[in-house]
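Treat the numbers as computed from the prediction; the structure is a model and nothing was measured.
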Amino acid sequence: PRPRAGFRLGTFTGLFAFGLLVVLTAMTTLAFHDQGKIHADMVQIILQAQARSSDPQAKQVFDYFLTPQGMTFMMIFGFVFTCILFVLLSGIGGAISASLLRRKGPPKP
């Protein structure tokens, strides 16, 4: 296959893998009733980052992330970033793989 086809195949694979990751993560979170623990861990991480920062504007941003709207924004941004990362890295891997596995012409005598 050509590198373009490998990239396309890799992007579809990355999209499928991301969807599978989201479904499995949601299922395990719901199965083990970890919603409260995940929320508490996220709040703890934000509070630690806020304590390390001396910038007042950064502290305002961390305060926003502690609100329900901020948590929602942070989670959506994280999912979108992870999806883009999965798709791009898988596509690049597919293109590299296609270019390395591409058949060359017959050997020269």
More than 12 non-hydrogen atoms from neighbouring residues, nucleotides or ligands closer than 6.0 Å to CD on Q57, yes or no?
no
Is any side-chain heavy atom of V61 closer than 4.5 Å to one of Q50?
no
Closest non-hydrogen atom pair between I46 and M74, with its separation:
CD1-CE, 3.4 Å
Find out if a path of hydrophobic residues (ILVMFWY) with successive side-chain heavy-atom gaps under 4.5 Å connects L47 to M75.
yes
Answer yes or no: is there a side-chain heavy-atom contact under 4.5 Å between F79 and V22?
yes
Taking atom CZ of F65 and atom CD of Q60, what is their separation to the nearest 0.5 Å?
12.5 Å
Can you name the closest pair of heavy atoms from T82 and G78 and give their distance?
OG1-O, 2.7 Å
Same cluster (ILVMFWY, side-chain, under 4.5 Å), L88 and V80
yes
Shortest non-hydrogen contact between P3 and S99, atoms and distance:
CG-CB, 3.9 Å
Transitively linked via ILVMFWY side-chain contacts under 4.5 Å: M71 with Y64?
yes
Heavy-atom closest pair (F86 atom, L21 atom, distance to 0.1 Å) is CZ-CD2, 3.9 Å
Shared hydrophobic cluster for V87 and F18 (ILVMFWY, side-chain gaps under 4.5 Å)
no
Test your reading of the model: is there a side-chain donor-acceptor pair from T28 to the backbone of T25, 3.5 Å cut-off?
yes
Verify the cluster assignment for I38 and L66: are they in a single hydrophobic cluster under the rule of side-chain heavy atoms below 4.5 Å apart?
yes
Taking all non-hydrogen atoms of both residues, which atom of S53 and which atom of F62 are closest, and how far apart?
CB-CE1, 4.2 Å
Salt-bridge criterion met for K59 and D63 (N-O under 4.0 Å):
no
Provide the closest heavy-atom pair for G14 versus S90 in the form atom of the first, atom of the second, distance.
CA-OG, 3.4 Å
Do I92 and I96 come close enough that some side-chain heavy atom pair is under 4.5 Å?
yes
Do side-chain atoms of S97 reach the backbone of G93 as a donor and acceptor pair under 3.5 angstrom?
no
